[in-house]
There are 2 protein chains.
Amino acid sequence: MHMSYERETSAGYLTNWAARLFARSLERRIGTGSGPMPVFFALQDGSTMTQKELVQVAAVEQPTMANTLNRMERDGLIVRTPDPDDRRSARIALTPLGLERAEAAFRAAVEVNDIATSALRPEERPAFHDMLRRVVSALERDGEPD
Amino acid sequence: MHMSYERETSAGYLTNWAARLFARSLERRIGTGSGPMPVFFALQDGSTMTQKELVQVAAVEQPTMANTLNRMERDGLIVRTPDPDDRRSARIALTPLGLERAEAAFRAAVEVNDIATSALRPEERPAFHDMLRRVVSALERDGEPD
DNA sequence: CTCATGTGCATAGCTTGCTATTGATGTGCA
DNA sequence: TGCACATCAATAGCAAGCTATGCACATGAG
């Protein structure tokens with residue numbers, strides 16, 4: 001009972017569990033998890049970004065984004081074009097296939113979020129998002145140098 | 001702005017982000033992330049469990065737990081003893097070193113959860129846990145066969 | 001007792017995360 | 001102009017997740 005008690009009142013455990021279930025629901029619908037989602041969202045308007053910019057908008061580390069982009073390139077979802085202004089960089093854009101997939105991804109994300117938050121009353125939803133954002137901010141500060 | 005807007009109102013994104021930050025804060029303190037935590041909690045009272053039982057209490061899939069246990073065994077944190085009642089099974093127990101680490105893990109988990117939820121008002125905390133649990137339940141049902 | 005079926009766990013392969021390291025390029029100051 | 005330092009991205013290695021598959025053992029019905 002001891003562990004079970006901690007599980008039910010551990011925000012750490014519950015967010016990990018929720019995150020895993022979100023990823024699973026997404027995977028069931030579009031065959032992929034959370035990794036490419038920020039890329040889809042950022043580039044679905046037809047714009048381009050560098051890897052570094054995508055790292056920032058996705059709030060992941062650089063090698064994570066490098067690997068995600070490698071997989072997306074492998075699957076024909078993105079193209080990388082050398083950046084004319086900086087030879088260390090490429091500009092990343094979605095392919096036509098990538099744009100299709102982005103649409104499907106957006107629809108799936110909306111659907112899964114609706115299912116998840118269907119368990120909340122309408123007035124609870126903004127509160128839930130707000131609390132999550134505050135938890136994120138607190139934990140980000142925990143990772144900063146003193 | 002489009003993606004950023006989605007991010008701020010996507011429970012899926014926010015839980016993933018929070019879960020990653022929780023794991024990072026834990027890793028900074030005890031050198032490991034969330035994987036072994038349910039094992040520590042389940043066995044810190046000196047009891048033993050089978051891998052299957054640990055799969056259930058941790059709410060992860062069997063190969064995940066197999067791999068986690070392999071790592072813990074490698075690091076001298078657990079011992080596996082063949083189950084006298086079932087030759088397919090071993091009973092898993094924490095070593096003395098494992099018990100020490102479980103204590104440290106528990107303290108770190110409490111500290112990180114306190115930091116995270118310090119951003120919430122006292123009356124918001126049970127509500128937050130409750131909402132997370134409801135989100136989890138809704139998503140679990142999404143994964144069930146029709 | 002035999003055998004069909006179920007169960008527990010190992011393993012393979014992949015995704016999505018991270019830290020650490022390295023090499024190429026860019027920047028700014030003396 | 002040269003050089004110290006910063007920046008961008010590739011790569012290595014590992015953890016923690018998942019699905020799929022296969023083998024050994026357990027179970028229950030005929």
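Naming: A, B, ... by sequence-line order, numbering from 1 per chain.
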Specify the separation, in whole Å, of atom [atom1] of [X] and atom [atom2] of [N].
| X | N | atom1 | atom2 | value |
| --- | --- | --- | --- | --- |
| F22(A) | dG17(C) | CZ | P | 14 Å |
| R20(B) | dG17(D) | CZ | P | 14 Å |
| N16(A) | dC18(C) | CG | P | 14 Å |
| M37(A) | dG17(C) | CE | P | 11 Å |
| D75(A) | dC14(C) | CG | P | 12 Å |
| I78(A) | dA9(D) | CD1 | C1' | 13 Å |
| D83(B) | dA24(D) | CG | C1' | 15 Å |
| L69(B) | dG17(D) | CG | P | 12 Å |

Measuring from atom [atom1] of [X] to atom [atom2] of [Y], what distance do you get when rounded to the nearest 0.5 angstrom?
| X | Y | atom1 | atom2 | value |
| --- | --- | --- | --- | --- |
| M49(B) | R91(B) | CE | CZ | 8.5 Å |
| I78(B) | T48(B) | CD1 | OG1 | 12.0 Å |
| R20(A) | T64(B) | CZ | OG1 | 8.0 Å |

Open item on the list: Which nucleotide wins on minimum distance to the side chain of R87(B), given the candidates dC18(C), dC25(D), dG26(C)?
Closed with: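 Comparing dC18(C), dC25(D), dG26(C) against the side chain of R87(B), the answer is dC25(D).
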Open item on the list: Quick check: on DNA chain D, is the nucleotide nearest E61(B) upstream (toward 5') of the one nearest R74(B), or the reverse? Name the residue that is more 5'.
Closed with: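 Here R74(B) is the residue nearer the 5' end.
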Task: D85(A) or V60(A), whichever maps to the more 5' nucleotide of DNA chain C - done: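 Its nearest nucleotide lies further toward 5', so the answer is V60(A).
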Task: For dG22(D), the Watson-Crick or wobble partner whose two distances fall under 3.5 Å - done: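 The base-pairing partner of dG22(D), which may sit in any strand shown, is dC9(C).
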Open item on the list: Filter on salt bridge (charged side-chain N to carboxylate O under 4.0 Å, His left out), then keep only pairs touching residues 115-124 of chain B, sequence neighbours left out; what's left?
Closed with: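 Found R134(A)-E124(B), R121(B)-E123(B), R121(B)-E124(B).
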TODO: Describe the nucleic acid contact of T32(A) in one word from base, sugar-phosphate, nothing, applying a heavy-atom distance below 4.0 Å.
DONE: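 Sugar-phosphate, backbone atoms only, no base.
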Open item on the list: Applying a 4.0 Å non-hydrogen cut-off, can you work out what T68(B) is touching in the nucleic acid: base, sugar-phosphate, or nothing?
Closed with: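 It contacts nothing in the nucleic acid.
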TODO: Using atom types as modelled and distance alone, determine if a side-chain donor or acceptor of T117(A) lies under 3.5 Å from a backbone N or O of L120(A).
DONE: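 Such a contact is absent between T117(A) side chain and L120(A) backbone.
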Open item on the list: Working note: R74(B) + N70(B), criterion side-chain hydrogen bond (donor to acceptor under 3.5 Å, both in side chains); need CA distance, chi angles, decisive distance, verdict.
Closed with: CA-CA 6 Å; R74(B) 177 200 70 194; N70(B) 286 344; over 6 Å; no
Task: Worked check of salt bridge (charged side-chain N to carboxylate O under 4.0 Å, His left out) between R107(B) and E103(B) - done: CA-CA 6 Å; R107(B) 270 186 271 112; E103(B) 264 206 45; 3.7 Å; yes
TODO: Summarise protein proximity over nucleotides 2-12 of chain C in one line of letters, 5' to 3': B for base, S for sugar-phosphate only, - for none, counting protein heavy atoms closer than 4.0 Å.
DONE: ----BBSBBBB
